[in-house]
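What follows is one structure encoded as structure tokens, with my remarks underneath.
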Protein chains: 2
Amino acid sequence: MGKLSELKQVKKCSGAYVLAVNDTINVINGKWKLPIIGALLFGKKRFKQLEREIPNITPRMLSKELRDLEANGIVSRTVYDTVPVAVEYCLTPSGESFSRVLDVMLEWGLEHRKNTIGQNAEEVQ
Amino acid sequence: MGKLSELKQVKKCSGAYVLAVNDTINVINGKWKLPIIGALLFGKKRFKQLEREIPNITPRMLSKELRDLEANGIVSRTVYDTVPVAVEYCLTPSGESFSRVLDVMLEWGLEHRKNTIGQNAEEVQ
DNA sequence: GTAACCACTATACTTTTGTATATCGGTATC
DNA sequence: GATACCGATATACAAAAGTATAGTGGTTAC
């Protein structure tokens with residue numbers, strides 16, 4: 001069974017479709033997961049590096065969200081046995097492939113903004 | 001300037017990229033927007049119809065989320081001047097085109113699940 | 001020996017999000 | 001004239017998510 005027919009099978013039932021898409025949404029839910037993934041798309045980073053690059057994130061949230069992302073197989077955590085220990089975070093292959101989803105979101109968002117500008121007439125420039 | 005180069009321009013800066021993608025995420029944030037969009041992908045529906053089709057949603061949340069989706073240009077609300085008044089909700093063209101994003105999410109979600117099964121070994125079947 | 005960096009964790013609190021339950025004004029059915 | 005359907009809104013409450021602030025245990029630099 002090909003990928004396409006599998007897709008159609010899932011779409012048959014609205015409930016299953018919503019559930020499956022929801023799995024993906026949960027990967028990036030919350031305020032901080034996307035900024036973290038965004039930072040890691042440019043390469044591996046250490047904890048403090050992420051803390052500095054992501055404006056206003058607290059270490060508590062960074063720690064929690066990194067643990068979530070690791071549990072979901074999006075981010076991998078590597079501890080280097082140096083003194084003092086260095087910890088590096090990077091995207092897993094699955095996490096990297098998520099950029100495909102983000103690109104489609106970006107593209108749709110830009111289009112949608114173009115379509116709705118003029119109707120709302122808040123700012124045109 | 002073509003769509004591709006525009007895309008690259010936005011991606012240049014991680015901050016702008018994250019902001020633009022976030023716009024799209026906000027369209028479906030919360031517990032109920034995806035189920036509502038999912039139901040409307042199969043055609044226009046009335047308030048009570050949606051309430052029946054979406055398990056456990058309260059009229060308060062349905063009302064609120066429909067207003068949000070309307071404000072964001074995803075859903076359009078039509079009042080028919082019948083007695084008693086009938087109100088119909090349907091996706092805007094932009095809302096319909098959002099299924100493109102959902103499809104990519106679905107596809108990635110299925111792939112990701114395949115990739116991470118075995119590592120987690122919670123269930124294989 | 002004190003000051004600063006790293007990688008976090010702990011506790012308390014506020015804000016946001018969602019739920020439960022009741023109600024409203026209208027119509028139509030029996 | 002009681003009951004039920006439609007399209008909601010109001011109020012009060014509970015749960016989840018996020019913030020503020022401080023502290024831990026180790027290391028290196030001066």
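Convention: sequence-line order gives letters A, B, ...; per-chain numbering from 1.
- Put simply, B:Arg52 has a side-chain N or O that comes within less than 4.0 Å of OP1 or OP2 on D:dC6.
- Without hydrogens or angle criteria, A:Ser99 side chain to A:Glu96 main chain gives a donor-acceptor distance under 3.5 Å.
- Going from atom CD of B:Glu51 over to atom C1' of C:dT21 covers 13 Å, rounded to whole Å.
- The side chain of B:Lys48 lies closest to D:dG7, out of C:dA7, D:dG7, D:dT9.
- When atom types are taken as modelled, the side chain of B:Ser63 and the backbone of B:Pro59 share no donor-acceptor pair closer than 3.5 angstrom.
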- Item | Derivation of the side chain to side chain contact (heavy atoms under 4.5 Å, CB included) call for A:Lys33 and A:Val27 | CA-CA 8 Å; A:Lys33 293 205 185 71; A:Val27 164; over 6 Å; no
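- Side-chain contact between A:Ile28 and A:Met105: present, with at least one pair of heavy atoms (C-beta onward) separated by less than 4.5 Å.
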- Message: Each nucleotide in nucleotides 12-22 of chain D should get exactly one letter: B, S or -. Can you fill that in based on protein heavy atoms under 4.0 Å?
- Response: B-----SBB--
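- Between the B:Ser94 side chain and the A:His112 main chain, no donor and acceptor come within less than 3.5 Å of each other.
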When you compare the protein's N or O atoms with those of nucleotides 26-28 of chain D, which come within less than 3.5 Å of each other, and at what distance?
from   : atom 1 : to      : atom 2 : distance (Å)
D:dT28 : OP1    : A:Val83 : O      : 2.8

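- Contact annotation: B:Arg67 does not reach the phosphate of D:dG7 (side-chain N/O to OP1 or OP2, under 4.0 Å).
- Atom pair B:Leu62:CG and D:dT9:P shows a separation of 10 Å (rounding to whole Å applied).
- Residues A:Glu53 and A:Ala39 approach most closely at OE1-CB, 4.0 Å, considering heavy atoms.
- Rounded to whole Å, atom P of D:dC6 lies 13 Å from atom CD of B:Glu88.
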- Message: Run the salt bridge (charged side-chain N to carboxylate O under 4.0 Å, His left out) test on B:Glu70 and B:Arg67 for me, step by step, so that the C-alpha distance in whole Å, both residues' side-chain angles and the decisive distance to 0.1 Å come before the verdict.
- Response: CA-CA 5 Å; B:Glu70 202 192 346; B:Arg67 264 181 279 134; over 6 Å; no
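- Two residues are said to be in side-chain contact when any heavy atoms from C-beta on lie closer than 4.5 Å; A:Val87 and A:Thr78 fail this criterion.
- At least one side-chain nitrogen or oxygen of B:Tyr89 sits closer than 4.0 Å to the OP1 or OP2 atom of D:dA8.
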